[in-house]
Amino acid sequence: MRTKVGIVGAGPAGLMLSHLLHLAGIDSIIIENRTRAYCEARVRAGLIEQWAADMLVETGVGARMQRESLRHNGIHLAFGGALHHIDFVQLVGKHVTIYGQQEVVKDLIARRLADGTPILFDVEDTRVEGIGGTSPKIHFRHDGKPQTIDCDFIGGCDGFHGICRPSMPAGVLTEYERVYPFGWLGILAQAKPVSDELIYCYHPRGFALFSMRSPTIVRYYLQCAPDEDVTQWPAEKIWDELEARLGGTRVPERGPLLETIVAPMRSFVAEPMQHGRLFLAGDSAHIVPPTGAKGMNLAFADTRVLARAIEAFYRSGATAALESYSQTCLRRVWKAQRFSWWMTSLLHLFPDATPFDRRRQLAELDYVASSEAAAKSLAENYVGLPIE
Ligand code: RFL
Ligand code: PHB
């Protein structure tokens with residue numbers, strides 16, 4: 001097989017990269033080690049920054065999102081027994097969109113296939129070769145047979161546990177990491193959302209987040225141990241704990257649980273995001289704790305920068321944008337890291353927190369809720385910083 005850009009991974013990063021390249025007249029092939037059904041059912045992110053939702057619409061894959069998504073003009077912070085509204089529209093003139101990541105993935109897969117881009121699902125033993133030269137290769141097995149893609153560039157869009165980042169030669173990468181001493185227990189349930197906007201709760205029992213996917217499906221999270229055993233959490237206990245952490249500000253409607261997960265929390269950045277003809281995008285290069293709702297949005301931002309750089313190369317042979325890809329992305333990535341770390345530090349109960357730390361957290365929450373300058377800073381980051 002021969003293509004211009006070989007893409008490893010059919011998550012938001014790989015699919016969006018292929019989509020943007022196609023619009024620029026550049027062909028690609030995507031390989032994915034899971035089945036299509038698995039990719040389309042994986043419940044993850046739910047919040048899309050305004051520029052990213054605009055990009056989905058402007059590039060022709062946003063029609064269903066426009067019909068089915070929810071527009072949110074702000075969020076609530078719950079602490080000290082009261083709700084405090086942060087109004088993004090009033091503060092920075094922008095909003096965010098609630099639309100499940102797996103819906104974005106379904107829309108992008110349908111569009112890639114309709115455009116004739118090959119997506120090979122269920123591949124095995126993926127390996128990249130020759131990334132230091134001008135004709136790299138991707139080797140893998142598909143339907144039990146060995147296959148090779150010859151390409152000009154490789155998009156390493158295979159997530160945190162993928163093979164692309166570890167394929168960089170020893171000594172190329174510097175990795176920055178922080179692992180948090182807690183995780184999130186997440187549920188998807190059939191119930192009416194407790195609020196028409198998200199509620200981020202600071203509570204002596206730990207953090208809780210009240211999100212949603214539709215007017216009848218909720219997505220709620222509880223701070224838990226990083227290795228929490230979900231079998232210790234029967235439905236009633238989950239609902240009781242969610243209700244407790246709302247601190248009397250609201251009472252959530254209860255309903256059947258559709259899914260329960262435990263997600264660990266980490267901050268991670270690998271620098272640089274490129275080596276030779278291999279370019280990392282999305283979770284393969286960086287992970288944020290979900291408190292800032294930035295992961296999928298960062299993946300989209302990387303692919304926009306990368307698609308433009310590859311387009312410039314094929315149009316005129318220009319390599320400047322390719323060479324500065326990592327630098328361009330990382331400026332924004334580190335700001336999203338800072339914001340995600342800040343939201344996480346502000347809202348969670350840290351096991352080693354002293355009474356001083358707890359009073360300081362409460363003072364900071366009070367500052368955000370009562371100072372327009374502080375609220376504006378949260379809003380500006382939450383709706384998405386400008387790209388490039
Ligand atoms: P993905 O989605 O992990 O996709 C990588 C794909 O690569 C495949 N793959 C391989 N394919 C071929 N060969 C190999 N050797 C391969 N190895 C792996 C994988 O099967 C997979 O299909 O990475 P991508 O595309 O970079 O997208 C990143 C996002 O998925 C991620 O950042 C977000 O889900 C993070 N996230 C959130 N992001 C937001 O923007 N807003 C949110 O509200 C939000 N909430 C969340 C989140 C992530 C969460 N969890 C579960 C980690 C909430 C949670 C609980
Ligand atoms: C979600 O709806 O899954 C979600 C929303 C906001 C976050 C994290 C997750 O900060």
Side-chain angles (χ1 to χ4, degrees), residues 6-18 30-36 38-49 52-53 70 72 75 96-102 104-105 108-109 119-128 138-142 154-167 183-188 193 197-200 207 209-214 217-221 259 261-266 268 280-303 336 339-340 343-344 347 382 384:
I7 298 175
V8 186
L15 292 164
M16 180 56 81
L17 177 62
S18 171
I30 305 174
I31 63 160
E32 163 61 51
N33 66 356
R34 301 288 193 157
T35 63
R36 179 176 178 182
Y38 182 93
C39 294
E40 292 187 338
R42 189 163 41 191
V43 179
R44 292 174 101 184
L47 195 136
I48 307 179
E49 294 173 354
L70 304 170
H72 283 194
I75 56 168
V96 293
T97 298
I98 295 287
Y99 188 61
Q101 174 170 325
Q102 79 271 34
V104 178
V105 163
L108 284 168
I109 288 177
I119 310 180
L120 308 178
F121 288 99
D122 223 357
V123 307
E124 294 171 292
D125 303 332
T126 312
R127 194 160 61 76
V128 298
I138 307 174
H139 303 286
F140 55 98
R141 296 178 72 81
H142 189 231
I154 297 177
C157 304
D158 51 349
F160 184 65
H161 300 286
I163 56 95
C164 288
R165 188 180 70 251
S167 303
W184 280 11
L185 178 97
I187 62 158
L188 193 70
E197 289 176 345
L198 273 56
I199 306 179
Y200 287 79
F207 170 75
L209 170 61
F210 293 80
S211 182
M212 65 194 75
R213 287 292 176 274
S214 76
I217 301 288
V218 298
R219 180 74 165 160
Y220 294 161
Y221 299 97
E259 190 192 273
I261 55 129
V262 170
M265 306 264 282
R266 76 172 80 232
F268 173 87
L280 304 179
D283 278 13
S284 67
H286 40 71
I287 295 286
V288 282
T291 332
K294 293 277 164 260
M296 176 169 59
N297 295 294
L298 282 176
F300 286 154
D302 291 348
T303 59
F339 177 69
S340 302
M343 285 285 280
T344 304
L347 290 159
Y382 198 97

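Values reported hereafter were calculated over all heavy atoms of this structure, with side chains retained and with hydrogens, waters and symmetry mates removed. Whatever order the structure lists ligands and atoms in, that order sets their numbers, starting from 1. Nothing here was measured: the structure is a model prediction, and the numbers come from that model.
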- Would you check the N or O atoms of Pro12, main chain and side chain alike, for any that come under 3.5 Å of an N or O of ligand 1? yes
- Say whether Arg44 and ligand 2 are in contact under the criterion: heavy-atom distance to a ligand atom below 4.0 Å. yes
- Message: With heavy-atom distances below 4.0 Å as the criterion, list the atoms of ligand 1 near Gly282.
- Response: 26 (O)
- Side chain, backbone, both or neither: the part of Thr126 lying under 4.0 Å from ligand 1 by heavy atom: side chain
- Which one holds for Tyr221 and ligand 1: side chain close, backbone close, both close, or neither close, with close meaning a heavy atom under 4.0 Å? side chain
- With heavy atoms under 4.0 Å as the rule, classify the contact between Cys157 and ligand 1 as side chain, backbone, both or neither. backbone
- Query: Between Pro290 and ligand 2, does any nitrogen or oxygen pair lie at a separation below 3.5 Å?
  - Reply: yes
- Message: Taking 4.0 angstrom as the limit and counting only heavy atoms of Ile163, give me the atoms of ligand 1 inside it, by number and element.
- Response: 15 (N)
- Message: My question is simple, although I want it checked carefully: is atom 49 (C) of ligand 1 less than 4.0 angstrom from any protein heavy atom?
- Response: no
- Query: Do any nitrogen or oxygen atoms of Trp184 lie less than 3.5 angstrom from nitrogen or oxygen atoms of ligand 2?
  - Reply: no
- Task: Decide whether an N or O pair under 3.5 Å exists between Val43 and ligand 1.
- Result: no
- Message: Between ligand 1 and Gln101, is the shortest N or O to N or O distance under 3.5 Å?
- Response: yes
- What is the closest protein heavy atom to atom 2 (O) of ligand 2, and at what distance does it sit? Ser211 OG, 2.6 Å
- Task: Ignoring hydrogens and angles, tell me if any N or O in the side chain of Glu32 forms a donor-acceptor pair with the backbone of Phe121 under 3.5 Å.
- Result: no
- Query: Under 3.5 Å between some N or O of ligand 1 and some N or O of Ala13?
  - Reply: yes
- Give the atoms of ligand 1, by number and element, whose distance to some non-hydrogen atom of Gly46 is under 4.0 Å. 42 (C), 43 (O)
- Query: Is there a nitrogen or oxygen of Arg44 sitting under 3.5 Å from a nitrogen or oxygen of ligand 1?
  - Reply: yes
- Query: Between Asp283 and ligand 1, is there a nitrogen or oxygen pair with a distance under 3.5 Å?
  - Reply: yes
- Item | Option set Tyr200, Tyr221, Tyr382, Tyr99, criterion heavy-atom distance to atom 4 (C) of ligand 2, minimum | Tyr221
